[in-house]
Amino acid sequence: MAATIDNSNAAQATKRKHLGIPEAAFVEDVDSFMKQPGNETADSALRKLDEQYQKYKYMELNLSQKKLRLKNQIPQITQTLEILRHMQKKKETTEPMETHFLLADNVYCKASVPPTDKVCLWLGANVMLEYDIDEAQALLEKNLSTASRNLETLVDDLDFLRDQFTTVEVNMARVYNWDVKRRSKEVLLKSADKS
């Protein structure tokens, strides 16, 4: 009984892990697969499998874009955290901090920043909020851990998706080969009938 519960929990964890990505069923017996409704001809079965393959391709494109965004976001968050740590050290001193501000791509401006305990963070969607340095640091550390966790999940989902690609491609090849064998048998039977 306990083994059954453990197996069902593992299956549920796997389903939750790849939530939204349907698992491709391997076609073990092509003859029984072709007898299912909607698989009247090899062309219709191949069309269905190709449609499933295209859906997986679309999911891969979306997940790859998310992965790229996260890979760009993580270094930015890390850099901002380093700046906040540096500002935290300089907060107790009375001398201003000399720095360069990014005005535009590859355009910087030299600036003198007096010691402060407040910073402004861009949150996205043209929203900027003022935080205490400690609050900003806590927020960015939370965002960094969330982004890293999301990146790991995306990598797992992309691996799972590649497995589904392979399964669908193998299924397509098996159905195609089944159809080739069926046609060659029909040709042999027709030629045997003629002779």
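Starting from 1, each residue takes its place in the sequence as its number.
At a threshold of 4.0 Å, the pair R182-E186 counts as salt-bridged, since one of the basic side-chain nitrogens sits closer than that to a carboxylate oxygen.
When all heavy atoms of F160 and P22 are compared, the pair lying nearest together is CE2-O, 4.5 Å. Nearest heavy-atom pair across P96 and P115 is CA-CD, 4.2 Å. Heavy atoms only, all atoms of each residue included: A45 and M34 are closest at CB-SD, 3.8 Å. Annotation for I133 and T116: closest pair CD1-O, 3.4 Å, computed over non-hydrogen atoms. Between A147 and Q73, the shortest heavy-atom distance links the atoms CB-OE1, 4.3 Å. When every heavy atom of N39 is checked against every heavy atom of F33, the shortest pair comes out as ND2-O, 2.8 Å.
Listed by first and then second residue, the salt bridge (charged side-chain N to carboxylate O under 4.0 Å, His left out) pairs that reach into residues 37-50 come to none, sequence neighbours excluded. Among residues at least two apart or in separate chains, ring pair (Phe, Tyr, Trp, His ring centres under 6.0 Å) pairs with a member in residues 52-94 are Y53-F165. The salt bridge (charged side-chain N to carboxylate O under 4.0 Å, His left out) pairs that include a residue from residues 82-111 are R85-E141, where partners are two or more places apart or lie in different chains.
Under the 4.5 Å side-chain heavy-atom criterion for Ile, Leu, Val, Met, Phe, Trp and Tyr, L144 and L123 are members of the same hydrophobic cluster. No continuous path of ILVMFWY side-chain contacts below 4.5 Å connects M128 to F101, so the two sit in separate hydrophobic clusters. The cluster map of Ile, Leu, Val, Met, Phe, Trp and Tyr, joined by side-chain heavy atoms under 4.5 Å apart, puts L154 and L68 in different clusters. With hydrophobic clusters built from ILVMFWY side chains whose heavy atoms lie under 4.5 angstrom apart, M87 shares a cluster with L129.
Counting non-hydrogen atoms of neighbouring residues, nucleotides and ligands closer than 6.0 angstrom, the CZ atom of R183 reaches no more than 12 such neighbours. Taking a 6.0 Å sphere around NZ of K142, one finds it holds 12 or fewer heavy atoms contributed by other residues, nucleotides or ligands.
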Would L63 and I21 count as a side-chain contact (heavy atoms from CB on, under 4.5 Å) here? Give the steps.
CA-CA 11 Å; L63 291 178; I21 302 174; 4.0 Å; yes
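Checked by atom type and distance alone, the side chain of N171 pairs as donor or acceptor with a backbone atom of V27 at under 3.5 Å. Counting only distance, with no hydrogens or angles, the side chain of E130 and the backbone of V119 share no donor-acceptor pair below 3.5 Å.
Note that the CG atom of L84 and the CG atom of L121 stand 6.5 Å from one another [nearest 0.5 Å].
For the pair T78 and L140, the minimum side-chain heavy-atom distance is 4.5 Å or more.
In this structure, L102 belongs to a hydrophobic cluster whose other members, linked by side-chain heavy atoms under 4.5 Å apart, are Y108. Using a 4.5 Å cut-off between side-chain heavy atoms of Ile, Leu, Val, Met, Phe, Trp and Tyr, F26 falls into a hydrophobic cluster with V170.
S44 and T41 share a side-chain donor-acceptor pair at under 3.5 Å.
By the side-chain hydrogen bond (donor to acceptor under 3.5 Å, both in side chains) test, Q65 pairs with no residue at all, sequence neighbours left out.
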